[in-house]
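Below, chain A is the first sequence line, B the second, and so on; all start at residue 1.
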Amino acid sequence: MNETERSLNFLEHIIEEDLKNGFPKENLRFRFPPEPNGYLHIGHASSICLNFGLGLRYNAPVNLRFDDTNPAKEEQEYVDAIKRDVEWLGYKWNTERYASDYFQQLYDWAVLLIKEGKAYVDSQTSEEMATQKGTPTKPGVESPYRNRSLKENLELFEGMKSGKFEEGKHVLRAKIDMSSSNMLMRDPIMYRVLHKSHHRTNTNWCIYPMYDWTHGESDYIEQVSHSLCTLEFAMHRELYDWFLDQVVDKNKVRPKQREFARRNLSHTVVSKRKLLRLVEEGVVNSWDDPRMPTISGLRRRGYTPEAIRNFADTIGIAKRDNLIDVSLLEFQVRDHLNKVASRVMAVLDPLKVIITNYPEGEEEWLEAENNPGDESAGFRKVPFSRELYIEKADFKEEANKKFFRLKLGSEVRLKNAYIIKAESCTKDDDGNVVEVQCTYDPKSKSGSGTEESLRKVKGTLHWVSVKHAIEAEVRLYDRLFTDESPDTHKDKDFMEFVNPDSLEIVTGFLEPSLKYAQVEDRVQFQRLGYFCVDPDSTSEKLVFNRTVGLRDSWAKIQEKK
RNA sequence: UGGCCCAUGGUGUAAUUGGCAACACUCCGGUUUUUGGUACCGUCAUUCAAGGUUCGAGUCCUUGUGGGCCAACCA
């Protein structure tokens with residue numbers, strides 16, 4: 001798909017409109033502004049792709065700005081993780097910024113507002129202010145401190161800054177309109193006292209600016225032209241504009257806030273608080289558990305940056321509520337991995353097959369194609385011998401015509417090897433099949449070109465040689481929640497919908513070419529799915545994560561029964 | 001009892017700004033296939049409702065209906 005042919009989303013229409021009205025293209029500038037208080041998740045990925053995508057589309061700079069105005073929640077660890085995740089997604093920011101870089105400028109502007117009679121120090125408790133604020137339907141009442149003298153305001157604010165007061169004693173509020181229908185305009189708090197060390201400014205400051213006071217002014221300082229955020233900030237726009245009005249210079253770019261709907265992914269949760277509960281209550285093992293919707297979790301699961309970017313691209317951006325089915329995400333990984341992942345053979349639920357007419361002790365190394373869709377991927381050798389493993393599900397003593405696999409008396413092709421015929425099987429005391437005896441057609445070797453090798457047999461199975469197989473731990477993941485929207489039930493906690501079977505660990509038997517696989521290597525286990533090497537792997541034992549299964553039309557046929 | 005935002009197939013987005021509802025995924029059916037994968041082909045909508053303006057409305061207007069957001073010294 002050509003970028004220039006793609007139809008525009010509503011934000012691009014807004015930008016095009018601005019351009020048409022004379023806004024200089026070279027003044028276009030965007031930003032991605034995370035608060036460093038947790039790990040980035042798939043929802044952030046969408047916002048990252050949006051902002052950096054716009055940057056690429058218009059050849060405009062995009063800043064990475066940390067919205068670090070609340071030292072109680074923020075840590076350097078998160079800053080590092082966020083940078084790593086954005087980089088992994090494949091984006092380069094123009095400059096790395098911090099709202100905390102602007103503390104002095106923000107302070108100076110606040111003093112200016114006080115001098116203009118547009119801000120005042122309030123000395124009530126938060127409870128008092130809350131009651132005065134009114135409700136969406138009832139106007140608020142003005143604070144008794146609203147009309148303090150300029151001198152008193154200046155002194156108190158200076159006192160707040162120099163640490164004279166304890167937390168909660170005073171706040172600085174903008175003097176706007178206590179009866180506004182927009183609750184945010186009812187004299188919003190601009191500064192609060194916080195005697196906490198900040199991860200970058202340490203104890204230089206003991207007053208910290210609030211989001212609304214900080215965000216628009218930071219956009220302005222950076223000369224961001226279009227400040228894009230999610231819909232829950234729509235009501236903040238009026239305040240964003242009011243704060244801008246107080247400082248904006250007509251000759252400079254005035255940032256424009258526009259809002260889009262956050263993307264909700266089915267069968268997961270995304271709020272930091274909920275993600276934290278999953279970690280703390282042991283539902284998952286860590287923030288980067290492959291079942292987590294965090295970027296680090298997706299990375300460990302085996303997702304590629306391309307897949308995530310394509311996902312963001314195809315789901316687009318709009319203003320309506322949405323619940324995006326995970327199948328759209330899964331399609332994108334399959335689509336990408338199908339192109340780049342090498343095919344290998346691995347058996348996860350083994351059943352022994354003995355080729356009775358194959359000489360004992362003999363082995364041969366057969367040629368196997370790495371990727372049928374990509375000639376340049378080349379070939380590798382896989383060992384064949386008398387004793388093999390196939391999947392248990394690939395054998396039945398008897399079955400109907402729809403079962404294209406191994407059954408007694410009929411033939412099947414072993415991928416890259418020979419056609420075999422099941423002659424008999426042995427069972428344990430409980431009646432479970434434990435071994436199948438087969439004969440092979442020595443002239444049917446794959447690629448040999450013989451008449452026998454060209455015979456059409458309906459099924460093709462993957463397999464591994466028992467003697468040569470390497471064992472590995474294989475982690476099979478399923479969706480974390482059984483409900484498609486676990487956190488939208490009013491009377492139920494989202495934890496009630498946790499899928500108890502989201503992780504199954506099995507021992508897999510892999511072809512020996514995988515012996516030196518490296519962490520994050522991605523392969524396709526033929527007929528099973530895409531897998532990648534987990535960092536838990538050691539030199540003794542590899543650990544694989546199933547990224548996603550292959551589409552499985554056989555499973556669907558079975559479901560219908 | 002208020003204000004703001006939203007409504008197009010099962011899902012997510014489009015529709016040259018008033019001119020034959022398109023794309024991707026899913027589902028279902030089929031062709032090809034040494035992966036029941038891939039690839040390819042095909043089926044699936046009178047755009048929330050009722051009115052109105054117009055030669056013509058998914059798009060504009062009115063009124064409903066349904067959903068989301070707003071009362072943290074969070075962002």
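- The NZ-P distance, from A:Lys133 to B:A71, rounds to 8 Å in whole Å.
- Judged purely by distance below 3.5 Å, without hydrogens or angles, the side chains of A:Asp483 and A:His267 never pair a donor atom with an acceptor atom.
- Between the side chain of A:Arg343 and the base of B:U38, no donor-acceptor pair under 3.5 Å is found.
- Phosphate proximity of B:C25 to A:Arg334: absent, as no side-chain N or O sits under 4.0 Å from OP1 or OP2.
- In this structure, A:Met178 places its CE atom 21 Å from P of B:G2, rounding to the nearest Å.
- The side chain to side chain donor-acceptor pair (under 3.5 Å) with A:Asp187 is formed by just one residue from the set A:Arg146, A:Gln132, A:Lys133; it is A:Arg146.
- Residues satisfying the side-chain contact (heavy atoms from CB on, under 4.5 Å) criterion with A:Asp18, sequence neighbours excluded, are A:Ile14, A:Phe23, A:His226, A:Lys256.
- Residue A:Gln124 is in base contact, counting any heavy-atom pair closer than 4.0 Å across all strands shown.
- Both thresholds, 5.5 Å between centres and 30° between ring planes, are not jointly met by A:Tyr211 relative to the base of B:A75, so the two rings are not stacked.
- Atom P of nucleotide B:G12 and atom CG of A:Asn264 are separated by 10 Å, given to the nearest angstrom.
- Taking side-chain N and O atoms only, A:Lys556 has a distance below 4.0 Å to OP1 or OP2 of B:C27.
- Nearest nucleotide to the side chain of A:His236, out of B:A71, B:A75, B:G36: B:A75.
- If you take CE on A:Met183 and CE on A:Met178, they are separated by 8.0 Å, rounding to the nearest 0.5 Å.
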Both atom distances under 3.5 Å, Watson-Crick or G-U wobble: I'd like the secondary structure of RNA chain B as a dot-bracket string, with | for pairs made across strands. .((((((..((((.....[..))))..((((.......)))).....(((((..]....))))))))))).....
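- Atom name C1', nucleotides B:C25 and B:G9: the rounded distance is 12 Å, in whole Å.
- Using a 4.0 Å heavy-atom cutoff across all strands shown, A:His13 reaches at least one base atom of the nucleic acid.
- Remark: of the listed residues A:Phe243, A:Tyr240, A:Phe233, A:Phe233 is the sole one forming a ring-ring contact (aromatic ring centres under 6.0 Å, His included) with A:Tyr211.
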